[in-house]
Amino acid sequence: GASLLGVAGRAHAQEELEPNSLEEITSYNNFYEFGTSKTDPKKYADQLTTEPWSIEVDGLVDNPGRFSMEDILSQFDIEERIYRMRCVEAWSMVIPWNGFELADLLSVAGVQDEAKFVAFQTLMRPEEMPGQQYPILEWPYVEGLRMDEAMHPLTIMATGIYGEPMPNQNGAPIRLVVPWKYGFKGIKSIVRITALAEQPPTTWALAAPGVYGFYANVNPNVDHPNWSQATERRVGGGLFSKRRDTLMFNGYEDEVASLYEGMDLTATENI
Amino acid sequence: MTFSQRANVGLRKVPSWLVYLVGGAIPFWSLYLAATGGMGVEPINALERELGELAILTLVIVLAVTPFRRLTGISLVMHRRALGLLSFFYVLCHLLVWLVLDVQDLGRVWADILKRPYITIGMAAFILLLPVAATSNNWSIRKLGPVRWRRLHQLTYVISVLGVAHYVMVQKVWEAKPLAYLVIILVLLATRIELPRRLSPAEKG
């Protein structure tokens, strides 16, 4: 029912939803667990073992426990969502994800009333994720959402792209996708989801506070210290591709702006 | 003949024009690769980084010429001018890719120069490179005289520090490669520091 929301957005943004090719989506990635270059994930992510896999769900939930990938894939309705993906580095793609709403998983877990945030954690396995052998970030990678963001119908747990199981370099076997936020919020290869009363720490905000925040909503009016966020370049346009204007909330303003009513989105504590 | 003597004879046989030709062709080869899919699905950023790294690598070689000769007896000094001018050429290409292909907007280029410290620093390095490159010829050495010319070309030390700072700062995290370049450049510059010579007993008289 909510699947229409996946392709919704502002009218002028609709025509841009021509997905990137699988080749593009799997060749240009930020996944620092496999190296800091955009091409490292494709080169090294095949070392990652994704079977067996399970997600530990704990914290302020009525039904804590382990969800195996088999449970997840059989229990939830996997649908296609074509979303824009805007990286904080001012490039973007359009990706046809397969996945299910995070809200479905959280409702099975039975989130308690005191839980106001959700924390996520990536697998920690330095022998297969060589980037974790270097202290470039604090490992394992952690992310978080406010509960209303986590429950929003646009927020999905993605398990595939183009109908194929999630490629390793894109966060196999299961990752978060929050299309109105910068790509780094979309934590990959998730092994743990925890419901919390307090706001959890997030990896990039720990690495550079004031540069990357907890919210990380796509916002053309708030620059990164090193570059403007007003425009972006769509990957795949070649050597002479034109920049395009970045849209507020990455084009999902109609759906999500109400979540942030009354918040000054240019204030450092809200970036 | 010792190994270093033989190496020096060999190096002297390499004509300057060949260094200019091969070095000067590299950015065109990179541009060709970027235009034909050889630099991945986001070629603008790849090309920009490649040219920047090439510039800093060449600058490191230039700075290494003197310490390398002291250490090994092998001298690249007859190719130092060509390498220096090539480094300037790579910086120029890097700047053009940023300006024309990446930012695509002169107003924003100017705003970035004023607003973003790493770009301000990179641009300062480029501006300091201009007089050094412009005087990399025999006529300028005669005109300025060797002392003034040498002092002007010591700007290379400042330029290399600014250049590598720009490289370190553009990364989102403290990356190993730019930091390694920073350490190498600082070590090469340290070899220029003249330590106060301790007087030998004879000199003390």
Side-chain angles (χ1 to χ4, degrees), chain A residues 20-30 32 35-43 87-93 130-131 133-139 182-184 203-204 206-208 211-212 223-245, chain B residues 27-28 30-51 53 93 96-123 165-180:
Chain A
N20 282 85
S21 69
L22 187 63
E23 167 73 10
E24 286 158 359
I25 295 166
T26 55
S27 306
Y28 196 76
N29 307 98
N30 275 321
Y32 279 23
T36 52
S37 153
K38 299 284 175 299
T39 48
D40 284 340
K42 186 180 190 171
K43 268 187 230 161
C87 178
V88 74
E89 295 167 345
W91 53 268
S92 63
M93 289 187 186
Q133 294 165 20
Y134 304 94
I136 41 175
L137 292 171
E138 279 184 41
W139 308 113
Y182 291 120
F184 69 83
T203 293
W204 278 102
L206 288 171
V211 178
Y212 310 102
D223 285 356
H224 185 280
N226 276 1
W227 56 81
S228 161
Q229 296 290 26
T231 61
E232 66 200 54
R233 196 160 47 238
R234 182 66 52 82
V235 168
L239 197 52
F240 303 102
S241 79
K242 289 275 153 242
R243 285 184 167 269
R244 55 177 76 210
D245 289 340
Chain B
F28 294 99
S30 302
L31 186 68
Y32 167 78
L33 283 180
T36 54
M39 276 202 186
V41 296
E42 223 290 65
I44 299 173
N45 193 259
L47 184 62
E48 196 172 79
R49 279 181 177 258
E50 170 116 342
L51 293 167
E53 283 189 32
C93 293
L96 280 173
V97 169
W98 175 67
L99 213 139
V100 178
L101 298 178
D102 188 351
V103 183
Q104 304 174 355
D105 175 343
L106 272 180
R108 251 195 65 191
V109 162
W110 184 239
D112 275 355
I113 292 170
L114 297 179
K115 211 170 158 184
R116 324 260 173 226
Y118 91 97
I119 295 179
T120 315
I121 287 171
M123 199 51 79
H166 167 80
Y167 184 29
V168 169
M169 287 168 76
V170 73
Q171 318 295 336
K172 281 159 68 200
V173 292
W174 298 107
E175 282 201 45
K177 193 154 69 160
L179 289 175

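All figures in this text were calculated on a predicted structure; none of them were measured in a lab. Proteins get letters first, then strands, A, B, ... in listed order; numbering begins at 1 in each.
If you measure heavy-atom distances from A:Y212 to chain B, the contacts under 4.5 Å come from the side chain alone. For a residue to count as touching a neighbouring chain, one of its non-hydrogen atoms must lie under 4.5 Å from one of that chain's; by this rule B:K177 does not touch chain A. With a threshold of 4.5 angstrom between heavy atoms, B:V97 does not approach chain A through any atom at all. Of the two parts of B:M169, only the backbone, made up of N, CA, C and O, holds a non-hydrogen atom closer than 4.5 Å to a non-hydrogen atom of chain A. At a 4.5 Å heavy-atom cutoff, the contact between B:V103 and chain A is made by backbone atoms alone. A:T39 does not touch chain B: none of its heavy atoms, backbone or side chain, sits under 4.5 Å away. Using a 4.5 Å cut-off between heavy atoms, B:R49 does not touch chain A at all. Neither the backbone nor the side chain of A:V211 comes within contact range of chain B; no heavy atoms are under 4.5 Å apart. For chain A, the nearby part of B:L47 is the side chain; its heavy atoms alone come within less than 4.5 Å.
Among all heavy-atom pairs drawn from A:V88 and A:W227, the shortest one is O-NE1, 2.8 Å. Of all the heavy atoms in B:G122 and B:H166, the pair that sits closest is CA-ND1, 3.6 Å. Between B:P43 and B:A34, the shortest heavy-atom contact is CB-O, 3.4 Å. Of all the heavy atoms in B:L101 and A:L239, the pair that sits closest is CD2-O, 3.5 Å.
Taking chain B as the reference chain and counting heavy-atom pairs below 4.5 Å, the highest number among A:D223, A:T231, A:L137 is found for A:D223. Most heavy-atom pairs under 4.5 Å with chain B, from the set A:A207, A:G237, A:S241: that is A:S241. With respect to chain A, the highest number of heavy-atom pairs below 4.5 Å among B:I44, B:I119, B:L31, B:D112 belongs to B:I44. Interface remark: of the candidates A:Y134, A:Y32, A:F240, A:Y32 forms the most heavy-atom pairs closer than 4.5 Å to chain B. Comparing B:R108, B:E175, B:E42, B:R116 by how many heavy-atom pairs each has under 4.5 Å with chain A, the most go to B:R116. If you tally non-hydrogen atom pairs under 4.5 Å between each of A:P225, A:A208, A:A230, A:G236 and chain B, the highest count goes to A:P225.
Dense packing is recorded around OH of B:Y118, with more than 12 heavy atoms of other residues, nucleotides or ligands lying under 6.0 Å away. No more than 12 heavy atoms of other residues, nucleotides or ligands sit less than 6.0 Å from atom CD of A:E138.
Side-chain atoms of A:N30 and A:K38 include a donor-acceptor pair closer than 3.5 Å.
With salt bridges taken as basic N to acidic carboxylate O contacts below 4.0 Å, none links A:R243 and B:D105. We find that A:E89 and A:R233 are not joined by a salt bridge, their nearest charged nitrogen and carboxylate oxygen being 4.0 Å or further apart.
A distance-only check finds no donor-acceptor pair linking the side chain of B:D102 to the backbone of B:E48 [under 3.5 Å].
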